J.: 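Shown below is the structure under consideration.
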Number of protein chains: 2
Amino acid sequence: MIPDKTIGRLSLYRRLLNRLLAEGVRNVYSHQLAAMAGVTPAQVRRDIMSIGYSGNPNRGYDMTELIDSIGQSLDDPEGQRAALIGVGNLGRALLTYFSGRRPRLAIVAAFDSDPRKCDRVIQGCRCFGIDRLPEKVAEMDISIGTITVPSGEAQKVADLMVRAGIRGIMNFAPVRLRVPSNVYVEDVDMTMALEKVAYFARKIQP
Amino acid sequence: MIPDKTIGRLSLYRRLLNRLLAEGVRNVYSHQLAAMAGVTPAQVRRDIMSIGYSGNPNRGYDMTELIDSIGQSLDDPEGQRAALIGVGNLGRALLTYFSGRRPRLAIVAAFDSDPRKCDRVIQGCRCFGIDRLPEKVAEMDISIGTITVPSGEAQKVADLMVRAGIRGIMNFAPVRLRVPSNVYVEDVDMTMALEKVAYFARKIQP
DNA sequence: TTCACATTGTGAAAGTTTTCACAGTCAAAC
DNA sequence: GTTTGACTGTGAAAACTTTCACAATGTGAA
């Protein structure tokens, strides 16, 4: 199994490669990708090694082949669908942020407990009452959940998601969720991020 | 210097401790804090060791003392002020998210290049034209910047921030910023986070 | 064909982070 | 006073991640 830091970087590499491909570049060396990603060339080569792709000592990596290889490791061939729970400011921002970007991995339904927010369409994404989550997860084969509710409700929502059969959660609430070990949770903790920045802004020598 | 992962966990511990304190709890053991934070007791003890606080073998850690100790390591006694650049959906969501939470670390000014978004007050935070960033950074002694602009403009904004004297950046744009080594950058890469969740949602054994 | 050379792939080293495991400590019970 | 037991603090081990350094390789030039 590929370690989770590597997965993160592969996702980054792919984004950078796609940008480069749009500029007409056909192949790339580890040191170029490294410079763009802010890592070392050796790290790039190791990461690419981990997905089993090989470059050419003279021309580096073929862009389209490498992008394909990353896709083969990261993407589900059938695509994966995500739900978003909590249509507040942050939830709406995320719907906008992710809408229409990647067909393979899209947020296909939103949920909220506030009836006033339901039965609307936000960024092409229909909003349902939270009680319809299990039904919709089954119907649309949703495997991923995004939690953007207030912290007090996050655990309740996580429990509901797990019962509905969701396998991975991206959690924006500043709470550690308790879930079974076969459900993956990625915390996006913005408060922690801001406090880290504040600390290092002070500590890094001027 | 305390490593950055430790700083992140200390920030988390403090949040958990404050929640517990509100419930009237007066002291806490490493295994309790560990359970709440989702880490091992040994890790909690190491982290607390790194800020130089000591508990009591019989009563664990004194809550208020520990919270104070963490504050002494993480917080600037004078407080720190942050600016937010990019008043789109995500920017507004963050202003709401952070508004009024911590007096020691607040977003005190917002900036946007769109004149229609300027001269308004969003969540108690005044919005200025981006050209006034240097002036306001100096005037309000802002040391931290939050980037929520489209990726194409992120590097330009980062350059402007660096020139204005900002020391730490929380970056939401999916781009690696080039900054001098005395400026700290924390990337909050939501696309990467979602792709990681998608990958592990598939890979973790059912 | 042969050479030169920038690059890849990777075993091993170095560095970093986490966990183990246990001596030392404190307070409550007796 | 002494014993007991759960907990802390921490050196050392383990696990994990990154970097080094160099043999192997493919290509273009001579």
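Since we're looking at a predicted model, the values are computed, not measured. Side chains included, hydrogens not; waters and symmetry mates left out as well; all remaining heavy atoms used. Naming convention: chains lettered A, B, ... in sequence-line order (proteins, then strands); numbering from 1 in each chain.
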J.: Over all strands shown, is B/P41 touching base, sugar-phosphate only, or nothing at heavy-atom distances under 4.0 angstrom?
T.: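 Here B/P41 touches no strand at all.
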
J.: Looking at B/I144, B/T148, B/I147, B/V108, which one forms a side chain to side chain contact (heavy atoms under 4.5 Å, CB included) with B/L84?
T.: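 The single option meeting the side chain to side chain contact (heavy atoms under 4.5 Å, CB included) with B/L84 is B/T148.
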
J.: Between atom CG in A/N58 and atom C1' in C/dC3, what is the gap in whole Å?
T.: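 To the nearest whole Å, that distance equals 14 Å.
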
J.: Testing the basics here: between A/F200 and B/P3, what is the closest heavy-atom pair and its distance to 0.1 Å?
T.: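 Scanning both residues, the minimum pair turns out to be CZ-C, 4.4 Å.
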
J.: 5'-most contact on DNA chain D: B/S30 or A/R45, nearest heavy atom basis?
T.: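 The answer here is B/S30.
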
J.: Over how many whole Å does the gap from A/Q32 atom CD to C/dT8 atom P extend?
T.: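 For the pair A/Q32 CD and C/dT8 P, the rounded distance is 9 Å.
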
J.: Side chain of B/Y61 only, please: which of D/dT18, D/dT8, C/dT17 is the nearest?
T.: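 Selected nucleotide: D/dT8.
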
J.: What closest approach, in Å, do A/L74 and A/I7 show between heavy atoms, and which atom pair accounts for it?
T.: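 Residues A/L74 and A/I7, closest heavy atoms: CD2-CD1, 3.8 Å.
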
J.: What integer distance in Å separates B/D62:CG from C/dC26:P?
T.: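 It works out to 15 Å between those atoms.
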
J.: Using a 4.0 Å heavy-atom cut-off, does B/T6 contact any base of the nucleic acid, only the sugar-phosphate backbone, or nothing at all?
T.: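 Counting heavy atoms under 4.0 Å across all strands, no contact is made by B/T6.
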
J.: Send over the distance from A/Q43 CD to C/dG15 P, rounded to a whole Å.
T.: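 These atoms are roughly 16 Å apart.
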
J.: Round to a whole Å and report the spacing from CG of A/N27 to P of C/dA6.
T.: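 Nearest whole value for this atom pair: 17 Å.
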
J.: If you take all heavy atoms of A/S151 and A/V175, which pair is closest and at what distance?
T.: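 Between these two residues, the closest heavy atoms are CB-CG2, 3.3 Å.
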
J.: Rounded to whole Å, please give me the gap between CD1 in A/I48 and P in C/dT10.
T.: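 For the pair A/I48 CD1 and C/dT10 P, the rounded distance is 12 Å.
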
J.: Identify whether any heavy atom of B/R46 sits under 4.0 Å from a base atom; if not, whether one sits that close to sugar-phosphate; answer base, sugar-phosphate or nothing.
T.: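 Here B/R46 touches the bases of the nucleic acid.
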
J.: Within less than 4.0 Å of OP1 or OP2 of C/dT19, is there a side-chain N or O belonging to B/T40?
T.: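 Yes, B/T40 has a side-chain N/O under 4.0 Å of OP1/OP2 on C/dT19.
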
J.: Side-chain N or O of B/N56 versus OP1/OP2 of D/dT8: is the shortest distance under 4.0 Å?
T.: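 False: B/N56 side-chain N/O out of range (4.0 Å or more) of D/dT8 OP1/OP2.
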
J.: To the nearest Å, give me how far apart CZ (A/R9) and P (D/dT17) are.
T.: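 From A/R9 CZ to D/dT17 P: 9 Å.
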
J.: If you only use heavy atoms from C-beta on, which nucleotide in D/dC7, C/dT8, C/dT17 is closest to the side chain of B/P57?
T.: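 Out of D/dC7, C/dT8, C/dT17, the nucleotide with an atom closest to B/P57's side chain is D/dC7.
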
J.: Determine whether a donor-acceptor pair (N or O, by modelled atom type, separation under 3.5 Å) exists between the side chain of A/D112 and the backbone of A/V87.
T.: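 The answer is yes, because a donor-acceptor pair under 3.5 Å joins these two groups.
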
J.: Would you mind reading off the distance between A/L33 atom CG and C/dT8 atom P, rounded to a whole angstrom?
T.: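 Between P of C/dT8 and CG of A/L33: 10 Å.
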
J.: Please figure out whether A/A42 or A/R59 has its closest DNA chain C nucleotide nearer the 5' end.
T.: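 Final value for this comparison: A/R59.
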
